Amino acid sequence: MPCLSLPQEADRILAEYDEKLPDIMAMLERQFTVLHNRAQVLLTLCGIVISTTGFSGRLVAGTNRYAQAYIIIGVGLILLAAIVCSWGVLHLRWLTMQKGDDLREWLETSLRYRDRKTTSYRVAVIIMLLGLTTYCIAMAIMLANPHENALSAR
């Protein structure tokens with residue numbers, strides 16, 4: 001099912017909220033809250049992977065060159081996902097700062113801003129999933145190639 005175009009969405013919002021700015025702002029703020037909460041979850045997952053690498057990364061990288069490459073690529077992608085998420089989603093510009101000479105223009109500007117943040121979030125999720133995939137490949141290589149000193153107590 002296709003989504004509404006931005007002008008159609010603006011029409012729907014203006015009609016539904018009877019052009020009442022406080023109600024429209026509250027609705028948009030709820031949408032931004034959902035987006036920011038999801039971004040925080042993504043950043044938490046990225047932090048867990050990076051922290052875990054501090055404990056197991058040396059062991060994985062010690063398996064062979066393939067494991068080294070995959071873990072480095074995986075952690076790099078995870079870090080990139082965190083950067084895209086932080087800058088693209090958590091970067092702030094208040095709704096009251098949005099340009100617009102009238103309510104409709106302001107609303108469309110705000111919807112475009114929301115859509116850019118949503119796109120950044122989706123890109124960060126894709127990058128994170130690619131990073132997790134390569135990270136898991138590195139772990140699989142390690143598990144498939146055990147060696148005697150792998151669990152050394154040093």
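Values in this document were obtained by computation on a predicted structure and should not be read as measured data.
The cluster map of Ile, Leu, Val, Met, Phe, Trp and Tyr, joined by side-chain heavy atoms under 4.5 Å apart, puts I137 and I126 in different clusters. No single ILVMFWY cluster, assembled from side-chain heavy atoms under 4.5 Å apart, contains both Y121 and L80. V34 and V125 are members of different hydrophobic clusters when ILVMFWY side chains are connected at heavy-atom separations under 4.5 Å. I127 and I83 end up in different hydrophobic clusters when Ile, Leu, Val, Met, Phe, Trp and Tyr side chains are linked at under 4.5 Å. L79 and V123 are assigned to two separate hydrophobic clusters, defined by single-linkage of ILVMFWY side chains at heavy-atom distances under 4.5 Å.
Between V84 and S120, the shortest heavy-atom contact is CG1-O, 3.5 Å. The nearest pair of heavy atoms linking P7 to E108 is CA-OE2, 4.0 Å.
Side-chain contact between T33 and H36 is absent, with no heavy-atom pair separated by less than 4.5 Å. Using a 4.5 Å cut-off on side-chain heavy atoms (C-beta onward), E29 and F32 make no contact. A heavy-atom distance below 4.5 Å is found between the side chains of L107 and L28.
Here R30 contributes atom CZ and L35 contributes atom CG; the two are 15.0 Å apart, rounded to the nearest 0.5 Å. Note: I141 CD1 to C136 SG = 11.5 Å, rounded to the nearest 0.5 Å.
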Could you tabulate the donor-acceptor pairs under 3.5 Å formed by side-chain atoms of residues 64-78, not counting sequence neighbours?
unit_1, atom_1, unit_2, atom_2, d
N64, OD1, Y66, N, 3.0
N64, OD1, A67, N, 2.8
R65, NH1, Q68, OE1, 3.2
Q68, NE2, A61, O, 3.0

Ignoring hydrogens and angles, write down the donor-acceptor pairs under 3.5 Å from the side chains of residues 86-99, residues two or more places apart or on other chains.
unit_1, atom_1, unit_2, atom_2, d
S86, OG, A82, O, 2.9
R93, NH2, Q98, OE1, 3.2

Please tabulate, for side-chain N and O atoms in residues 38-47, each donor-acceptor pair with protein atoms closer than 3.5 Å (sequence neighbours left out).
unit_1, atom_1, unit_2, atom_2, d
T44, OG1, Q40, O, 2.9

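Summarising the local packing, CD of Q31 is surrounded by more than 12 heavy atoms from other residues, nucleotides or ligands at distances under 6.0 Å. For R122, the CZ atom is loosely surrounded, since the number of other residues' heavy atoms within 6.0 Å does not exceed 12. R12 CZ: 12 or fewer foreign heavy atoms inside a 6.0 Å radius.
The side-chain hydrogen bond (donor to acceptor under 3.5 Å, both in side chains) search around D11 returns R104, not counting sequence neighbours. Qualifying ring pair (Phe, Tyr, Trp, His ring centres under 6.0 Å) partners for Y17, counting only residues two or more places apart in sequence or in other chains: none. Listed by chain and residue number, V60, Y135, M142 satisfy the side chain to side chain contact (heavy atoms under 4.5 Å, CB included) test with M139 (two or more places apart in sequence, or in another chain).
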